[in-house]
Amino acid sequence: MTQFRRELVLTGTKSELPRISRFVEEACDGANVDSAARFDLQMAVDEACCNVFEHAYGGSAGELDLRFETRGRDVVITLHDHGRAFNPEGVPPPDTTSPLEERPVGGLGLHLMRKLMDKVFFAFSPERGNTLVMEKHKVVPGGPKRGSSEGRSAKPSK
Amino acid sequence: MELTNVDMKRCTLFRLSGRIDGSVAPELGSQLRAATDAGRYKIVVNMKGVTYASSACLRELIGAWKTCRRWNRGDLRLAELSPNVDKVLDLTGLKSQLMVYSTEAEAVGSF
């Protein structure tokens with residue numbers, strides 16, 4: 001059951017990351033997310049969106065649709081883009097145990113998303129583009145704060 | 001992100017603050033490269049005021065760390081990590097690889 005929902009649709013580049021962070025912060029406030037989980041959600045979304053701007057759109061401006069919702073006590077983040085298809089299997093997990101000199105620099109963003117969230121799922125279709133769903137479980141202690149509304153969208157600002 | 005740096009007798013000290021996400025991390029990288037390009041391979045990065053450090057920030061730090069340590073000519077050491085930065089370094093296995101000091105004075109004095 002969806003209890004709380006916010007959506008942010010924007011077209012932009014990495015310069016939008018601070019705005020996306022504010023969106024997640026406000027959504028966490030609205031959904032009354034546990035304070036201990038807020039950093040994890042913020043970071044996972046930031047890393048996911050940075051990957052979209054950097055890799056799916058290759059640095060060019062692109063459209064991104066970010067949804068934040070609660071289902072029971074869980075937070076579910078859904079991210080859509082229409083950039084290049086992303087195959088997570090093509091990103092080897094970073095070796096976090098070998099000496100740093102021997103490690104390639106990269107793959108940390110996806111690694112962090114998987115560490116910080118309970119479930120991370122990627123899909124691609126020619127019609128919908130890339131879809132990423134991330135879940136953080138048992139981080140909403142009660143119902144949403146008064147005044148929250150379902151399906152309300154944040155207006156893209158100029 | 002706010003960044004200042006000062007050349008000290010034994011090392012170059014960077015003081016960072018604010019949010020370092022993918023939109024500003026390249027600026028950090030270019031400032032670190034400016035130091036190493038000038039032959040400053042002993043670097044301390046004080047991260048006391050850093051509220052958020054993304055993987056893009058870590059990539060810049062690792063890149064500079066590798067440049068500094070090449071041929072044993074120097075090192076990049078961190079000081080005064082905030083709890084959030086500490087957590088990210090822990091999750092990425094970097095905490096055991098980079099030299100981390102609880103105070104800036106200790107980090108500077110280590111060179």
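In what follows, chains carry the letters A, B, and so on, assigned in the order in which the sequence lines appear, proteins first and then strands, with residues in each chain numbered from 1.
When heavy atoms are compared at a cutoff of 4.5 Å, L17(A) approaches chain B by way of both its backbone and its side chain. Looking at L58(B), only its side chain comes within 4.5 Å of chain A, counting heavy atoms on both sides. For chain A, the nearby part of R69(B) is the side chain; its heavy atoms alone come within less than 4.5 Å.
The local environment of CZ in F124(A) is crowded, with over 12 non-hydrogen atoms from other residues, nucleotides or ligands closer than 6.0 Å. Annotation: R73(B), atom CZ; neighbour count of heavy atoms from other residues, nucleotides and ligands within 6.0 Å is above 12.
Under the salt bridge (Lys or Arg N to Asp or Glu O under 4.0 Å) rule, E104(B) has a single partner from R15(B), R77(B), K48(B), which is R15(B).
At least one side-chain heavy atom of K95(B) sits under 4.5 Å from a side-chain heavy atom of D86(B).
Options G63(B), A53(B), S55(B), G93(B) differ in how many heavy-atom pairs under 4.5 Å they form with chain A, and the most are formed by S55(B). Options G107(A), P99(A), S15(A), C49(A) differ in how many heavy-atom pairs under 4.5 Å they form with chain B, and the most are formed by P99(A).
A salt bridge links E54(A) and R59(B); the closest N-O separation between the charged side-chain nitrogens and carboxylate oxygens is under 4.0 Å.
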